[in-house]
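Before any comments, here is the structure.
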Amino acid sequence: MPIMTMLDAIREALTMEMERDERVMVLGQDVGRLGGVFRATDGLQDRFGEQRVVDMPLAEAVIAGSALGLAISGLIPVVEMQFLGFSHQAFHQIGPHIARMRYRSQGRFRVPLTIRAPFGGLVRTPEHHCDAYEAQFAQFPGLKIVMPATAYDAKGLLLASIRDEDPVLFCEPLRGYRLIKGEVPSEDYTVPLGKARIACEGEDVTIIAWSAMVQTAERAAAVLAEEGISAHVLDLRSLVPLDVEGIVAAVERTGRVVIAHEAPLTAGFGAEIVATINDEVFYRLEAPVVRVTAPDTPYPLAGVEDFYVPGVDRLVAAARDLARMAA
Amino acid sequence: MPIMTMLDAIREALTMEMERDERVMVLGQDVGRLGGVFRATDGLQDRFGEQRVVDMPLAEAVIAGSALGLAISGLIPVVEMQFLGFSHQAFHQIGPHIARMRYRSQGRFRVPLTIRAPFGGLVRTPEHHCDAYEAQFAQFPGLKIVMPATAYDAKGLLLASIRDEDPVLFCEPLRGYRLIKGEVPSEDYTVPLGKARIACEGEDVTIIAWSAMVQTAERAAAVLAEEGISAHVLDLRSLVPLDVEGIVAAVERTGRVVIAHEAPLTAGFGAEIVATINDEVFYRLEAPVVRVTAPDTPYPLAGVEDFYVPGVDRLVAAARDLARMAA
Amino acid sequence: MVQAEAHFPARQDVSAPHCILAPDGTIAAGVTPTLSGSDLADAMELMLLTRMFDDKAMRLQRQGRFGTFSQVRGQEAAVTGSAAALDPSRDWVVPQYRELPALLRQGFPLEHFILYFLGDPRGAEVPQGVRCLPLNIALASQLPHAVGLAWGLRRQDQDGVVLAYFGDGASSEGDAHEAMNLAGILKAPVVFLLSNNGWAISTPRSKQSAATSLAARAPGYGMPGILVDGNDLLAVHQVTAEAVARARAGDGPTLIEAITYRVGPHNTADDPSRYVDPAERDSWLGRDPISRVEQYLTTCGLWSKSIAAAVEERNRETVDGALAAAASRGAPTADLLFDHLYADAPARIRRQRSEFTGQGR
Amino acid sequence: MVQAEAHFPARQDVSAPHCILAPDGTIAAGVTPTLSGSDLADAMELMLLTRMFDDKAMRLQRQGRFGTFSQVRGQEAAVTGSAAALDPSRDWVVPQYRELPALLRQGFPLEHFILYFLGDPRGAEVPQGVRCLPLNIALASQLPHAVGLAWGLRRQDQDGVVLAYFGDGASSEGDAHEAMNLAGILKAPVVFLLSNNGWAISTPRSKQSAATSLAARAPGYGMPGILVDGNDLLAVHQVTAEAVARARAGDGPTLIEAITYRVGPHNTADDPSRYVDPAERDSWLGRDPISRVEQYLTTCGLWSKSIAAAVEERNRETVDGALAAAASRGAPTADLLFDHLYADAPARIRRQRSEFTGQGR
Ligand SMILES: Cc1ncc(C[n+]2csc(CCOP(=O)(O)OP(=O)(O)O)c2C)c(N)n1
Ligand SMILES: Cc1ncc(C[n+]2csc(CCOP(=O)(O)OP(=O)(O)O)c2C)c(N)n1
Ligand SMILES: [Mg+2]
Ligand SMILES: [Mg+2]
C-alpha cells in the first residue's frame with residue numbers, strides 16, 4: 001500500500017470524489033491556481049476546471065453561505081476555510097443556517113456540505129491560524145465534526161463526510177499535513193463517522209484525544225511504556241457524532257482517563273467527555289478524569305507556543321500520576 | 001426598599017452609571033428613541049443625549065468592533081446586542097478582538113466594554129431570539145460572562161461589569177425582564193463577578209443553575225420540599241470567572257448534583273461544571289452529576305418550546321432520583 | 001450617482017424613482033405596462049388577499065390567537081410587482097420575513113405561513129415543487145444563500161432566476177455586501193430586491209446609511225442599480241422583469257431599491273407611536289399601492305364593485321380555509337424538536353428523542 | 001463612476017488614477033507638491049529603510065532566523081505617502097500587516113516589529129504615546145476598530161484623525177462594508193486607505209470584485225472615493241492630506257484606493273511563480289515607487305550619491321540596532337501566555353499561570 005502524507009490523502013479523497021460524482025465542487029480562498037495555501041487542492045482546477053474548483057473572494061460568510069445555496073440547488077460543495085480561525089467570520093452562517101437548513105425547511109432541503117478547515121499549533125503560523133475552536137461548533141445541533149488523526153482516516157473520513165447527507169465540519173491538523181504519514185489504500189473506502197479508533201492498546205490508563213493530539217498521546221504512551229505503564233489511546237475521530245460506546249469501553253478497560261486537547265481548558269470539548277464519562281460510566285472510574293489542555297489564554301505568538309500546546313511531557317506526567325494513584 | 005423588575009433594575013444601573021461617569025455610552029439597535037425593543041434603555045437618550053445613547057445601523061460586527069475602538073479611545077461603551085442569537089454576526093469581533101485587545105497590545109489598550117444581550121426561551125419569540133450560546137463564548141479567553149438571575153443582582157452585577165476594566169458579556173434572561181422582581185436598593189452597589197449565590201439552602205441535593213433557570217430551580221426546590229427532599233440551589237451569577245470554591249462547597253454539602261441549563265446538552269456549559277466538579281471534588285460525589293438541559297436540537301418555534309426548555313418537572317424528577325439513590 | 005450599464009435603462013434619479021402608475025392611478029400616455037390583463041388582475045387579487053390576511057392576523061394576534069408577525073401592509077406593490085415577474089415553475093424566491101405575496105405566488109401554502117406564526121414547526125415546511133427558501137429572521141443571512149442557489153442553477157444549466165428580498169436595515173449587514181459582491185463576480189442570475197420601507201424597527205433610513213440611495217451600492221459590485229417607486233406595481237414589475245430577463249440571459253445580477261413605506265408597526269409587538277411622525281405616515285397612506293391599481297383597473301374597465309365583491313369573497317374563502325386547515329393540524333408534539341434535523345440521527349439524538357417524546361415538561 | 005462631493009477635488013477616472021510624479025520622475029509644470037523639502041527627504045529615507053529591512057528580514061527568514069512576514073516592497077509610496085499626511089502627535093494609524101513605514105513614522109519601534117515576527121509577544125506591545133493599533137491579521141476586522149476610535153476621539157473633542165489600511169482582498173469582507181457605512185453615518189474622522197496591490201495571496205483583483213474600481217464603493221456610504229496612483233508618493237500624500245483635512249474639519253470619512261502592485265511573494269511562505277505572470281510583475285518593477293522619487297529629488301538637487309550613502313548608513317544602523325536590541329531581549333517565557341490578558345486575572349487563570357510557568361513542555 002502506498003505511504004502518503006495526510007495532505008496527500010486529503011487531496012486524493014477530493015480527487016476521487018470529484019471524479020466519481022460530478023456534483024462535487026471545491027470552493028475557497030486560493031484553492032484554484034495556487035492549489036490552496038497548503039496545496040490540499042493542488043491540481044484539482046487543472047483537472048476539473050474553473051467551474052468546479054473555484055477561487056472565492058475574501059469573504060468567509062458568503063463562502064459558507066453560498067455553499068449552502070449550492071447545496072440547496074442540488075450540488076455537493078466542499079468548502080475550504082483557509083483556517084478554522086476565520087470560520088468565526090462565517091459563524092452565523094455555519095451554525096444557524098448550514099446546520100439547520102434541513103430542519104428549518106422541515107426536510108425539504110438537504111445540505112450535503114463539507115467544510116474543510118485546518119487548525120492547530122506548533123507550526124509557527126501568525127495569530128488566529130492555530131486556534132482550536134471545535135467545542136464552539138459542538139453547540140451547533142445539526143453539524144457533524146470530524147477530526148482525522150491519521151492519513152488513512154483523513155481519506156476515509158473525508159470521503160464519508162462528503163457523502164454524508166448532512167453538513168460536516170472537517171478539521172485538519174496543520175502540523176499533521178506533512179508530518180503525519182501512513183499507508184493509504186488507493187481504492188475507494190470510507191471510515192464511518194462516529195466510530196472511535198483504538199490507536200494503541202493498554203491496560204493502566206486511557207488517553208482520549210483527537211486530531212494531531214493523538215500523535216502526542218501515542219508518543220506519551222511510548223514513554224510511559226518504558227516506565228512500565230501501559231497506556232490505552234483512544235482516537236475519537238469525530239466529536240459529533242460522539243462514540244459514547246467506544247469511550248465507555250475505553251474507560252472500563254483502565255478506570256483512569258486523561259483527555260488531551262489543544263483548545264483552552266474552560267468549556268473545551270474535553271469537558272463534554274468528562275461529563276459523558278460521568279453520565280455513562282461514573283462508577284468504573286478509579287480516579288478523577290484529568291484534562292491536559294492549553295491554558296485559558298489566547299493562542300500566543302509562535303515564540304511561546306511550545307509552552308501552550310500540551311506536549312508529551314505534560315501527558316506523560318498526568319498519565320503517570322493517574323496510573324500510580326491508589327484505586 | 002423598592003420592588004423592581006429585572007428590566008427596571010437594569011435600566012437603573014445604566015442610568016446611574018451614565019450619571020456618575022460621563023465616559024459611559026450606550027449603543028445598539030433601537031436603543032435611542034425607542035428605548036430598546038424591551039425598553040431597557042427607555043428614557044436614556046432623552047436624559048443623556050444622542051451623543052451618548054446611539055442608535056446604530058443594523059450591523060452587529062461593527063457595533064461590537066466600533067465599541068472596541070471607542071474603548072481604546074478612552075470611553076466606556078455599553079453595547080446592547082438586540083439578541084444574543086445575533087452576536088454570532090459579531091463573533092469574530094467579540095472573541096478574537098474585544099477579548100484579546102489588552103493581550104494583543106501587551107497591556108497598552110484597556111477594554112472596559114460591556115455587551116448586554118438578552119436570551120432564553122419561553123417568551124414566544126421568533127427563531128434565533130432565544131438560543132443560549134453562553135458556552136461558545138466561554139471558549140474566548142479574556143471575556144467575562146455574567147448571568148444575573150435576580151433583579152438585585154442584575155443591577156449590582158451590571159454596575160460591576162461596566163466598571164470592570166475588562167470586557168464582559170452580560171446575558172439577560174428574556175423571560176425574566178418583567179417576571180423576575182425583587183427588592184433593589186436605590187443606592188449605588190456592586191455585586192462582585194465570580195462569586196456564586198446560594199439561592200436556597202438545602203442538604204440532600206444541589207441544583208446548579210444560572211440566569212432564568214435559577215427560578216426554575218427554586219420552583220423545583222419548593223416542589224421537592226413538599227416531598228421531603230431538601231434542595232440546595234446555587235446561582236452561579238457568572239460563568240467566567242467561575243466560582244470554583246462556591247461550587248465545591250455546594251457539592252460537599254450534598255454529594256449529589258443536578259446542573260440545569262437552557263442550551264443543548266453537548267458541549268454546553270454544564271459539561272464544564274461537571275468537569276470542574278470532577279477536578280476539584282470528585283471524591284465527595286455520591287452519585288454521577290446529572291445534567292438537565294435542552295436536547296441537542298435547535299431552539300424550536302414557539303409552539304414546541306415548552307418541550308425544549310427544561311421545566312420544573314424535569315428538574316424535580318432528576319433531583320428526586322438522585323436524592324433517593326443509595327450512596 | 002447610480003450608474004447603469006449602457007444597455008440597461010438608466011433610472012438613477014434618487015429624488016424621483018422610476019414610476020409608471022401615478023398615485024392618482026393614471027399612467028402617462030403612450031406607456032405600455034408590462035403587467036396587464038389577467039396578470040394584473042391576479043396581482044391585484046393577491047395584494048387584496050394579503051391585505052385581508054394582515055388585518056385578520058393582526059386581530060387574531062391581539063386576541064392571543066396568532067404569534068408575533070410582520071405585516072406587508074403598504075408594501076404590497078413592491079413585493080407583488082417583483083414576484084409577478086417570476087416564473088414559479090423555474091424561478092425562486094428567497095424571502096426575508098415580510099414577503100407573503102411573493103411566497104403565495106410561488107405556491108407556498110398560506111396554511112403553512114399561519115402554522116409557522118402559530119409556532120408550529122410544520123409550518124416551516126417548504127413543499128416539494130415550491131421554489132422558495134424558508135422565511136429568514138437573521139437579517140441579510142439569506143442573501144448568500146440566494147447567490148449560491150442562483151450559481152448552482154446556472155452550474156446545472158437550469159435557466160431559473162433567484163429573486164432575493166431584503167430590507168433597508170438588512171442592507172447594512174456584512175452579509176449583504178459579501179453576497180452582492182460575489183453575485184457580481186459570478187454574474188449569478190439573482191435579482192436583489194431591497195424594500196426600503198423607511199424603517200428598521202425604530203431606526204430610520206437616515207440612520208442606516210449616509211448614502212443618498214442604497215441602489216448607489218450597485219456600481220461597487222459591478223452591477224446595475226435601479227431606483228423604483230415601490231408603491232407602483234407597474235414600475236416594480238417592469239424593472240424586475242427587465243432584471244430577470246438580464247439574469248436569465250446570463251448578464252448577471254441587479255440591485256433594485258424599491259422606495260416604499262412601512263405604514264404599520266414593525267411587528268405585532270412594536271409601538272411605532274414612540275418614534276414615527278404621524279404626518280409622515282399619513283402622507284404615505286395617501287400613496288397606497290392598492291388603491292392606485294384599483295383606480296387604474298377601473299379606468300381600464302377591469303374593475304367594478306361586483307368584481308371587487310367576488311374577489312373579496314374568494315379571498316375570504318382562502319383566508320378562512322387556510323386558518324381552518326392550520327387549526328385542524330392538531331397541537332405540535334415534542335417529536336417536532338427532532339424531526340428533519342438529521343438524515344440519519346446519531347445515537348445520542350435518538351436517545352434524547354425517546355426521552356423527550358416520552359414525557360412532557 | 002466615483003462621484004466626489006462638490007468641494008472635494010474629483011479624481012474619478014478609473015483608467016487613469018490621480019498622478020503627480022510620473023514614472024520617469026518628472027512632475028508637470030506648475031504643480032506644487034504637498035510633500036517637499038525635508039518632509040520629502042524623510043519620506044524617501046523611510047522608504048529606503050523599509051526596503052532595506054525587507055531585504056534583510058527575507059534573508060534572515062530564509063536562514064530560519066525570522067518568522068513568516070509580508071514585505072511592503074513595491075508598495076512603499078502608498079503607505080509612506082499616506083502616513084506622511086498624519087501628525088503622529090494626534091493622529092492614529094490602524095494597520096493591516098503590510099504597513100511597516102506607517103508604523104515607524106508613528107513611532108512604533110522597529111525592534112518590536114522584529115520581536116513580533118520572531119514570535120515574541122513582547123513585540124506586540126504598542127508603547128505608550130505611540131498612536132497605532134496592533135498589527136491585524138484577521139482581515140478587515142481592524143476597520144470597525146478604526147471607526148470606533150475615530151468616533152471616540154471626536155466624542156472627546158480631540159482633533160485626531162485615524163488612517164486605516166486594508167487590502168483589495170480585505171475589501172470583500174463584511175467588516176469593510178459595515179465599517180465604511182458606519183463611518184459615513186457618523187461622519188467619523190477616518191481615512192480608509194485601500195492598498196490595491198492586485199493580489200490577495202493568489203487571488204487577483206479581478207476575482208475579488210466585478211467593480212471597475214473599489215473606490216466606487218464610496219458613494220454607497222455617502223463619502224467621497226478617490227483613485228490614486230499608489231506608486232506616486234506625491235499624489236498619495238496629496239489626496240491623503242486633503243482627506244485628513246476634511247476629516248479633521250468634521251466633514252467625514254474618505255475612501256482612497258491606491259493602485260499599486262505586490263512585486264514580491266504574499267509572504268515568506270508563498271510561491272508566486274505558481275500564479276503570477278512574470279511579464280505583469282516586470283512591468284510593475286519598472287514603476288518602482290522609490291526610484292521615481294530618487295529621480296525627482298535628484299532633479300531638485302536634494303539627492304546625490306553622498307546623500308544616498310549617508311542615508312544608507314543611517315538606515316543600516318537603524319536596522320542592525322533594532323535587530324540587536326530584539327536579540328538582546330532573551331527568550332520569551334511562559335509568563336507571556338498570561339501577561340496582560342486581564343487587568344485582574346481570575347483565580348483559575350492565576351492557578352494555571354503557576355502551573356504553566358512552573359514547568360516547560
Ligand atoms: C442579524 C439580525 N440582527 C437583528 C435582528 C432584529 N431585527 C428584526 S427585524 C429588524 C429590522 C429589520 O429592518 P429591515 O431590514 O429594514 O426590514 P423591515 O422590517 O423594515 O421589513 C431587526 C433589527 C435580526 N432579526 N437579525
Ligand atoms: C479573515 C481572514 N481570512 C483569511 C485570511 C488569510 N489571508 C491572509 S492574507 C490574505 C490575503 C490578503 O489580501 P489583501 O487584503 O489584498 O492584502 P495584501 O496581502 O495584498 O496586502 C488572506 C486570504 C486572513 N488573514 N483573515
Ligand atoms: Mg425596513
Ligand atoms: Mg492585496
Side-chain angles (χ1 to χ4, degrees), chain B residues 22-23 25 27 51-52 54-77 89-90 92-93 96-113 141-144 164-167 193-194 238 240-245 276, chain D residues 92 94 112 121-128 130 132-138 140-156 158 160 162 173-186 188 190 336-349 351:
Chain B
E22 63 168 32
R23 294 170 304 171
M25 282 176 71
L27 51 152
Q51 295 299 312
R52 291 183 64 197
V54 187
D55 278 325
M56 294 290 279
L58 217 164
E60 288 78 8
V62 82
I63 293 176
S66 68
L68 174 54
L70 287 169
I72 290 170
S73 83
L75 296 172
I76 301 179
Q89 268 77 354
H92 59 292
Q93 285 289 346
H97 293 282
I98 290 174
R100 291 189 191 178
M101 186 49 89
R102 176 187 283 275
Y103 181 71
R104 293 186 66 243
S105 66
Q106 290 286 294
R108 166 70 187 281
F109 302 119
R110 299 178 325 119
V111 185
L113 185 164
L143 185 69
K144 295 179 180 171
D164 199 283
E165 276 209 45
D166 289 320
L193 311 187
S238 65
V240 181
L242 186 62
D243 184 358
V244 177
E245 282 174 34
T276 297
Chain D
W92 288 75
V94 176
H112 282 208
R122 290 170 296 184
E125 188 199 334
V126 181
Q128 285 298 339
V130 173
C132 58
L133 297 197
L135 293 184
N136 197 82
I137 303 295
S141 60
Q142 74 275 21
L143 301 178
H145 312 164
V147 177
L149 173 56
W151 179 15
L153 295 175
R154 179 56 42 110
R155 272 271 289 113
Q156 293 166 90
Q158 298 170 25
V162 177
E173 288 281 358
D175 278 8
H177 168 70
E178 296 188 12
M180 289 196 276
N181 192 45
L182 179 63
I185 296 167
L186 297 170
V190 54
L336 292 165
L337 301 179
F338 298 90
D339 287 350
H340 304 299
L341 179 57
Y342 290 95
D344 181 19
R348 177 171 272 199
I349 311 287
R351 187 156 98 178

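So that the names make sense, note that chain A is the first sequence line, chain B the second, and so on, each numbered from 1.
Every residue was checked against the ring pair (Phe, Tyr, Trp, His ring centres under 6.0 Å) condition with His92(B), not counting sequence neighbours, and none meets it.
Ranked by heavy-atom pairs under 4.5 Å with chain B, the first of Ala138(D), Pro346(D), Ala124(D), Ala343(D) is Ala343(D). When Asp344(D), Leu336(D), Val147(D), Val162(D) are compared by the number of non-hydrogen pairs under 4.5 Å with chain B, Leu336(D) comes out ahead. Contact count against chain B (heavy-atom pairs under 4.5 Å) is highest for Arg155(D) among Arg155(D), Gln142(D), Arg122(D), Gln128(D). Highest contact tally toward chain B, considering only Ala150(D), Ala146(D), Gly123(D), Pro134(D), is held by Pro134(D) [criterion: heavy-atom pairs under 4.5 Å]. Of all the listed residues (Gln93(B), Gln51(B), Arg100(B)), the one sharing the greatest number of non-hydrogen pairs under 4.5 Å with chain D is Gln93(B). Looking only at heavy-atom pairs under 4.5 Å with chain D, the residue among Gly107(B), Ala61(B), Gly142(B) that has the most is Gly142(B). Between chain D and the options Glu245(B), Arg102(B), Arg108(B), heavy-atom pairs under 4.5 Å are most frequent for Arg108(B). Among Leu68(B), Val240(B), Leu193(B), the residue with the largest count of heavy-atom pairs under 4.5 Å with chain D is Leu68(B).
Within the model, atoms CD1 of Ile63(B) and CG of Leu182(D) stand 8.5 Å from one another, a figure rounded to the nearest 0.5 Å. With values rounded to the nearest 0.5 angstrom, Tyr342(D) atom OH is found 7.0 Å from Lys144(B) atom NZ.
Listed by first and then second residue, the side chain to side chain donor-acceptor pair (under 3.5 Å) pairs involving residues 54-67 of chain B are Gln29(B)-Glu60(B) (not counting sequence neighbours).
In summary, the side chains of Gln156(D) and Ser73(B) do present a donor paired with an acceptor at a separation below 3.5 Å, with no hydrogens or angles considered.
Each of Leu153(D), Val94(D), Leu133(D) was scored for a side-chain contact (heavy atoms from CB on, under 4.5 Å) with Ile72(B), with one residue passing: Leu133(D).
More than 12 heavy atoms of other residues, nucleotides or ligands sit less than 6.0 Å from atom CD of Gln158(D).
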